[in-house]
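I have placed the structure first, in the form of structure tokens, so that the comments after it can refer back to it.
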Amino acid sequence: MSEQLSPEQIKLIDKFNLFKIKGRDKRGRKILRIIGKHFPARSLSVDVLKKYLEVKIFPKLERPFVVVYVHTDVNKSENFPGISSLRSVYDGIPVNVKQNLEAVYFVHPDLQSRIFLATFGRFIFTGGLYAKLKYVSRLGYLWEHVKRNEIEIPEFVYDHDEDLEYRPMMDYGLESDHPRVYGAPAVDSSVAMYSMRCIS
């Protein structure tokens, strides 16, 4: 890309805390964490995003790595860049980086994202990326692959995870996720519900 990324643009994207490379999974691979809710789809152009990835992220991914993409609270109008933008960003990823990517953990997928990826995933993400996609409906399943102290997860993600324990139909888009007062857990259980934060 001929146009250079300005320091102001770098600082702006850094402030969103959208991308973070830190820690390793249980197989020793680097972790690239992406928080979907932080993506400013309305104010960040695809070209600027691609330049940022080229300058700040891709050079650090020269060895096998995994992506932990957190989809919690993503809103189509606010945080989703669109199909063509996703394809453009994916096409701009260097071949060696695509080869080094070994798994994508998709945390808190909703029904729409599952249908979208099942329908368009193989067409948008060529080169085997779709096959590397692993849906993670609860943080507890993520900890099977990543140690908790190796990755920072925002508080709102833990909150949503607990909501899903009480209202599992939210996974399938059959219940709204707006705040409300809960009664008993939505599923029968002889074991009391407890916070995921307490699990070491």
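When atom types are taken as modelled, the side chain of Lys50 and the backbone of Ile93 share no donor-acceptor pair closer than 3.5 angstrom.
Taking the six-membered ring where the residue is Trp, His71 and Phe106 present tilted rings, their angle falling between 30° and 60°.
Within 6.0 Å of NZ in Lys22 there are 12 or fewer heavy atoms belonging to other residues, nucleotides or ligands. For Gln112, the CD atom counts as loosely surrounded, since its 6.0 Å shell holds 12 or fewer non-hydrogen atoms of other residues, nucleotides or ligands.
Using a 4.5 Å cut-off on side-chain heavy atoms (C-beta onward), His108 and Asp161 make contact. Side-chain contact check for Asp47 versus Leu49: every heavy-atom pair is 4.5 Å or farther apart. Side-chain contact check for Asp25 versus Val146: some heavy-atom pair is nearer than 4.5 Å. Residues Asn17 and Ile35 are not in side-chain contact: their nearest non-hydrogen atoms beyond the backbone lie 4.5 Å or more apart.
Hydrophobic clustering (side-chain heavy atoms under 4.5 Å, transitive across Ile, Leu, Val, Met, Phe, Trp, Tyr) keeps Val55 apart from Val97.
Judged as a ring pair (Phe, Tyr, Trp, His ring centres under 6.0 Å), and not counting sequence neighbours, Phe39 has no contacts. Among residues two or more places apart in sequence or in another chain, the side-chain hydrogen bond (donor to acceptor under 3.5 Å, both in side chains) test is passed with Arg27 by none.
Between Val136 and Leu142, the closest heavy-atom pair is CG1-N, 3.6 Å. Closest heavy-atom contact between Ile10 and Tyr52: O-CE1, 4.0 Å.
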Apply side-chain contact (heavy atoms from CB on, under 4.5 Å) to the pair Asp14 and Phe16, showing each step before the final yes or no. CA-CA 5 Å; Asp14 284 344; Phe16 290 133; over 6 Å; no
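The cationic atom of Lys98 (NZ for Lys, CZ for Arg) lies less than 6.0 Å from the six-membered ring centre of Tyr90 and within 45° of the ring axis. Annotation: cation-pi geometry not satisfied between Arg33 and Phe19 (NZ/CZ under 6.0 angstrom from ring centroid, within 45° of ring axis).
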